[in-house]
Amino acid sequence: MTGRPGLPRYTLPVRSRRRTRWEQQTPTWREARPSLIADALKRSTARPSGNWYVIGASRDISGDRPFGRTVGGVEVVAWRTASGELRAGPGACPHLGAPLRDSRVVCGSLVCHWHGLTLDGHPSAGWEPYPAHDDGVLAWVRLDALGGEPPLDRPVVPQRPRDKAVDAVFTAVGRCEPEDVVANRLDPWHGSWLHPYSFLDLAVVGAPSSDADEDAFTVDVSFKLAGRLVVPVRAVFTAPEPRTVVMRIVEGEGATSVAETHATPLSPAPDGSPRTAVIEAVVAVSGRRGFAVARAAAPALRPLIRWAAGRLWRDDLAYAERRRLLRHMGRFPG
């Protein structure tokens, strides 16, 4: 892997740059080789997931009401016990098929709202739980029949900042498959072309070779603040399992912060086209003293982080959906 020297360590993270018109950027299409992206995608989909799927943000699953998600056509319900432990299982009541996502949680047990069947998370009345895992930011469920892989005891959770972090989770749904979402993230070259409102001066300074064990794309990029003000960083994109891509800041402001993109297949749309949930977890840290204020204001910051992620995913889902459409029609050039 080659590239220019590491970014300078600025005392202040904010820099001013001269305005450049969008069309005056250096084209990146030659570097964004379809075969390179396809090979990285192929290697990522071959990595083990242990049949674990992200279903949502940890904080969205409470002890007050059940949480429902249909994963790959499998109806899943999740809730928390009185001690806060995550429980998950089939989303249809074994009695007469009531949607358990619409039921109630009472003293840590799920009580069906049709006939009062009570589930405490253990096998009961033909209902069998699914293995569930809460990593502190995201909730996962293991669906062995859907995944078809050798199961793992725990999901492949990327390394994150350990403490003093602010986290937020954004979710959107697109008419595409998980591989289309992952392929979008394994194409960092589109960044400043497709998202000029957020990224400037993007340069991919390292890309994996065809025989790489790990798909690591190293990117130098400036996050746009306002006007001419930008924050330059170096980030690395990796794919630790088939439905996850992680962007980690390795140099510059917020080093070790991550943005995890998880692609979870859902039930098909009414017209039969596939649907995928993009569940993106942002875990941000900073060594600056003022970041303590940001941590204290995390409840107010999370909507802003989700808004910024939503702005990007409006365009990225259009990319993923277009890719899936062309694949379906046999016209995808990659």
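Everything quoted here is computed from the prediction, not taken from an experiment.
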**Request:** Could you verify whether a donor N or O on one side chain and an acceptor N or O on the other, from E241 and T244, lie under 3.5 Å apart?
**Result:**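 There is such a pair (donor and acceptor under 3.5 Å, judged by atom type) between the side chains of E241 and T244.
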**Request:** Would you check if there is a donor-acceptor pair between the side chains of T276 and E177 at a distance under 3.5 Å?
**Result:**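 Judged by distance alone, the side chains do not pair up.
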**Request:** Can you run down the salt bridge (charged side-chain N to carboxylate O under 4.0 Å, His left out) pairs that involve residues 266-279, sequence neighbours left out, and say none if there aren't any?
**Result:**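 Passing the test, one end in residues 266-279: R175-D271.
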**Request:** Only pairs at least two apart or in different chains count here, so list each salt bridge (charged side-chain N to carboxylate O under 4.0 Å, His left out) that has a residue in residues 77-97.
**Result:**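 Residue pairs passing salt bridge (charged side-chain N to carboxylate O under 4.0 Å, His left out), neighbours aside: R80-D134, E85-R87.
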Contacts of [X] that satisfy side-chain hydrogen bond (donor to acceptor under 3.5 Å, both in side chains) - sequence neighbours left out:
X    : result
T81  : S83
D102 : none
D60  : none
S286 : E253

**Message:** Enumerate the ring-ring contact (aromatic ring centres under 6.0 Å, His included) contacts for residues 89-115, please, sequence neighbours excluded, ordered by first and then second residue.
**Reply:**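 For residues 89-115, and leaving out neighbouring residues, the ring-ring contact (aromatic ring centres under 6.0 Å, His included) pairs sorted by first residue read H95-H115.
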Could you tell me if the side chain of [Y] sits less than 4.5 Å from the side chain of [X], heavy atoms only?
X    : Y    : result
S257 : V285 : yes
H195 : D315 : yes
L202 : Q25  : no
L100 : E75  : no
S44  : V182 : yes

Anything under 3.5 Å between a donor and an acceptor, one on a side chain of residues 303-312, the other on a protein residue two or more places apart or in another chain? List them.
none

Apart from [X] itself, what residues make up its hydrophobic cluster when side-chain heavy atoms of I, L, V, M, F, W and Y under 4.5 Å apart count as a link, directly or indirectly?
X    : value
F67  : Y53, I55, I61, V71, V74, V76, L86, Y130, V141, L143, L146
F170 : V181, V278, W313, L317
Y319 : L194
V236 : V250

**Prompt:** More than 12 non-hydrogen atoms from neighbouring residues, nucleotides or ligands closer than 6.0 Å to CD on Q159, yes or no?
**Reply:**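 Atom CD in Q159 is not packed in, count stays at 12 or less.
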**Item:** Shortest non-hydrogen contact from F223 toward F199
**Value:**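 Answer, listing the atom of F223 first, then F199: CE2-CE2, 3.2 Å.
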**Request:** Determine the minimum heavy-atom distance between V156 and P48, stating which atoms define it.
**Result:**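 Heavy atoms only, the tightest pair is CG2-O, 3.8 Å.
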**Request:** Verify the cluster assignment for V204 and L41: are they in a single hydrophobic cluster under the rule of side-chain heavy atoms below 4.5 Å apart?
**Result:**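 V204 clusters together with L41.
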Backbone N or O of [Y] within a donor-acceptor pair of the [X] side chain at under 3.5 Å?
X    : Y    : result
S124 : L119 : no
S192 : L200 : no
R47  : A239 : yes
N51  : E149 : yes
E321 : C176 : no

**Prompt:** Does a side-chain N-to-carboxylate-O contact under 4.0 Å join R59 and D167?
**Reply:**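 Salt bridge: yes.
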**Prompt:** Quick one: do R43 and D215 make a salt bridge, cutoff under 4.0 Å?
**Reply:**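 Result for this pair is yes, salt bridge flagged.
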**Message:** Out of the candidates R324, R327, R243, only one should pair with E179 under the salt bridge (charged side-chain N to carboxylate O under 4.0 Å, His left out) rule; please name it.
**Reply:**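 Looking at R324, R327, R243, the match for E179 under the salt bridge (charged side-chain N to carboxylate O under 4.0 Å, His left out) is R327.
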**Asked** Do W189 and W29 make the cut of ring centroids closer than 6.0 angstrom?
**Response**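 No - the distance between ring centres of W189 and W29 does not fall below the 6.0 Å cut-off.
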**Request:** List the steps, then state whether side chain to side chain contact (heavy atoms under 4.5 Å, CB included) holds for V157 with R160.
**Result:** CA-CA 9 Å; V157 180; R160 300 172 180 151; 3.9 Å; yes
**Prompt:** Checking salt bridge (charged side-chain N to carboxylate O under 4.0 Å, His left out) for the pair R185/D316: CA distance, chi angles, key distance, verdict?
**Reply:** CA-CA 9 Å; R185 308 310 285 151; D316 282 335; 3.5 Å; yes
**Request:** Evaluate the criterion side chain to side chain contact (heavy atoms under 4.5 Å, CB included) for residue pair T70 and L266; output intermediate values, then yes/no.
**Result:** CA-CA 5 Å; T70 300; L266 305 177; 5.6 Å; no
